[in-house]
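Worksheet for the structure shown next.
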2 protein chains.
Amino acid sequence: MAKNNRDIDLDVKKEELEKTAERLFVTYGYDATSMSRLAKELGVAPNTLYWYYASKDELLVGVLNRRLGESIKQLPSLMGTPLKSQMNWALQEFEQSSALVNTVHAKLDQSPVIRQWHDQFHRFIEAAVIHTLKAEGASDKRASMLATVGTFLVEGLLSHPHSSKQQEDILEWFSINALGDLG
Amino acid sequence: MAKNNRDIDLDVKKEELEKTAERLFVTYGYDATSMSRLAKELGVAPNTLYWYYASKDELLVGVLNRRLGESIKQLPSLMGTPLKSQMNWALQEFEQSSALVNTVHAKLDQSPVIRQWHDQFHRFIEAAVIHTLKAEGASDKRASMLATVGTFLVEGLLSHPHSSKQQEDILEWFSINALGDLG
DNA sequence: TAGCACTCTTGAATAGCATTCAAGAGTGGC
DNA sequence: GCCACTCTTGAATGCTATTCAAGAGTGCTA
């Protein structure tokens with residue numbers, strides 16, 4: 001390969017790399033997946049990975065962005081639906097990556113790239129939820145606060161699995177009380 | 001030292017060890033604090049720590065239990081107060097250890113001792129919150145669900161710092177809606 | 001066809017990590 | 001003076017993420 005494979009081969013390799021990394025991260029956990037293990041799975045030398053990513057954390061960001069990108073594709077068909085089904089969708093969509101939620105949070109203070117991704121992610125999600133809440137009749141300030149609450153509930157449910165009934169009860173209670181009163 | 005210092009010296013040493021560990025964990029983070037660093041701070045050899053704790057994770061559990069034990073002392077004087085002030089108390093009490101919240105969650109799948117501590121901690125907290133909610137008039141099932149929600153909100157606020165006004169708004173909204181309706 | 005420039009891969013090394021092991025020092029009881 | 005027990009340690013192990021310098025592969029240009 002040479003000069004102008006930049007836009008062709010690189011993305012293909014990165015995709016393979018990130019998909020394999022995602023599988024290992026989700027199966028064994030981020031910390032328990034070594035770069036050597038990932039390299040072996042891919043059939044390359046461990047330090048080859050560092051030509052594609054500056055660090056393991058940046059690889060994680062790549063994995064997260066790819067995962068997020070695929071979920072975002074479904075967003076348009078979701079934007080008209082009620083808040084509760086949006087939250088249910090998020091829970092289902094990120095259920096298998098739920099371990100990565102905790103991984104990201106644990107690395108916020110140590111890794112600038114993960115901190116940056118996390119903050120950006122939250123801004124994006126909250127903006128979407130605020131949009132939905134306002135569409136359902138909430139005031140600006142109330143919508144912002146409720147979006148934070150909704151985010152915390154989703155993160156909590158991802159971190160601490162509950163039965164689908166308990167989950168349903170929580171979302172039901174939230175969506176009723178988020179929109180029921182003076183908002 | 002010999003035979004029967006078991007009940008005297010050991011606890012003193014463990015206390016010093018755990019207090020130093022807590023300071024380093026809170027200041028630099030759990031992963032960023034090596035056993036060597038902690039040992040140097042204490043003026044002992046790194047492997048000396050392994051006579052007191054089987055692993056770094058068990059040391060963390062020791063730190064968490066000590067921290068929790070000190071907070072629990074205040075519980076009696078808190079049990080009569082309204083839910084909102086209890087949540088405010090928890091937020092203040094664990095604010096400086098908030099990084100450890102994420103650390104614990106990130107290690108749930110890898111460390112049995114941390115998993116065990118975490119689950120026990122949640123059962124304890126939820127039982128206390130349920131007690132308070134029922135005292136304020138909530139039904140059994142409603143109280144259980146609301147305790148989970150309250151826990152998620154506290155964990156969320158610890159992980160994602162917000163202004164004290166935003167924090168106040170969330171707790172106010174929760175305590176109103178937790179007790180306002182048919183619960 | 002030779003050579004340059006660029007992309008990509010690698011073996012080897014580094015420094016740090018949690019943890020283990022075997023040896024020994026310190027001390028009270030017999 | 002010896003035994004049993006508590007506590008400490010130097011040295012080693014195997015793991016980790018990461019770095020470096022060297023080189024292979026390939027297309028463009030002269």
Side-chain angles (χ1 to χ4, degrees), chain A residues 1-18 20-21 24-25 27-63 100 103-104 106-107 109-114, chain B residues 1-18 20-21 24-25 27-63 100 103-104 106-107 109-114:
Chain A
M1 301 122 198
K3 248 179 187 173
N4 61 347
N5 64 357
R6 219 169 307 185
D7 303 327
I8 312 164
D9 213 5
L10 189 66
D11 284 354
V12 175
K13 272 286 178 86
K14 277 197 161 190
E15 181 176 352
E16 183 197 359
L17 215 153
E18 285 164 3
T20 304
L24 295 180
F25 288 169
T27 306
Y28 305 104
Y30 175 78
D31 285 321
T33 301
S34 70
M35 294 297 264
S36 299
R37 171 74 187 271
L38 172 58
K40 184 174 289 180
E41 201 92 0
L42 289 161
V44 298
N47 49 351
T48 298
L49 304 174
Y50 287 87
W51 191 85
Y52 293 93
Y53 301 93
S55 67
K56 195 183 177 186
D57 286 348
E58 290 202 6
L59 166 60
L60 175 59
V61 168
V63 168
L100 294 184
T103 299
V104 166
K107 296 200 170 294
D109 291 334
Q110 313 292 332
S111 169
V113 297
I114 289 181
Chain B
M1 300 122 203
K3 249 180 185 172
N4 61 346
N5 65 357
R6 219 169 306 183
D7 303 328
I8 313 163
D9 215 5
L10 188 67
D11 284 353
V12 176
K13 272 285 177 83
K14 277 197 162 190
E15 180 176 351
E16 182 196 359
L17 215 153
E18 285 165 1
T20 304
L24 295 181
F25 288 170
T27 306
Y28 306 105
Y30 176 77
D31 285 321
T33 301
S34 70
M35 295 297 263
S36 298
R37 171 73 188 273
L38 172 58
K40 184 174 287 180
E41 201 91 1
L42 289 160
V44 298
N47 49 352
T48 297
L49 304 174
Y50 287 87
W51 191 86
Y52 294 93
Y53 302 93
S55 67
K56 193 183 177 186
D57 286 347
E58 291 201 6
L59 167 60
L60 175 59
V61 168
V63 168
L100 294 184
T103 300
V104 166
K107 299 204 168 289
D109 291 335
Q110 314 291 332
S111 169
V113 296
I114 290 182

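Within every chain, numbering begins at 1; the chains are lettered A, B, ... in the order of the sequence lines, protein sequences first and strands thereafter.
For C/dT10, neither phosphate oxygen OP1 nor OP2 lies less than 4.0 angstrom from any side-chain nitrogen or oxygen of A/Tyr50. A sub-4.0 Å separation between OP1 or OP2 of C/dT9 and a side-chain N or O of A/Lys13 is present.
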Practice problem: Could you walk me through whether A/Tyr53 and A/Leu17 pass the side chain to side chain contact (heavy atoms under 4.5 Å, CB included) test, one step at a time? | Solution: CA-CA 10 Å; A/Tyr53 301 93; A/Leu17 215 153; 3.6 Å; yes
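With rounding to whole Å, B/Arg37 atom CZ is found 20 Å from C/dT19 atom C1'. One atom, NZ of B/Lys56, and another, C1' of D/dC15, lie 14 Å apart when rounded to the nearest Å. Put simply, CD on B/Gln110 is 16 Å from C1' on C/dC17, counting in whole angstrom units. For B/Leu42 and D/dT8, the CG to P distance is 10 Å, given to the nearest whole Å. D/dT19 atom P lies 10 Å from atom CE of A/Met35, rounded to whole Å. Note: CG (B/Asp57) to P (C/dT19) measures 7 Å, nearest angstrom. Distance B/Lys14 NZ to D/dC7 C1': 14 Å, rounded to the nearest Å. One interatomic measurement links the two molecules: OH of B/Tyr30 to P of C/dC17, which rounds to 13 Å at whole-angstrom precision.
Between B/Val104 and B/Tyr30, the closest side-chain pair of non-hydrogen atoms is not below 4.5 Å.
Across all strands shown, A/Ser34 has heavy atoms under 4.0 Å from sugar-phosphate atoms exclusively, and none from any base.
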Donor-acceptor list for residues 35-44 of chain B side chains, cut-off 3.5 Å, not counting sequence neighbours:
residue, atom, partner, partner atom, Å
B/Arg37, NH2, B/Tyr28, OH, 3.3
B/Glu41, OE2, B/Arg23, NH1, 3.3
B/Glu41, OE2, B/Arg23, NH2, 3.3

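At a cut-off of 3.5 Å, with distance as the only test, no side-chain donor of A/Tyr52 or A/Glu18 sits close to an acceptor on the other residue.
Nearest to the side chain of A/Trp51, among D/dT9, D/dC7, C/dC8, sits C/dC8. Here the nucleotide nearest the side chain of B/Tyr52, chosen from D/dC7, D/dT18, D/dT9, is D/dC7.
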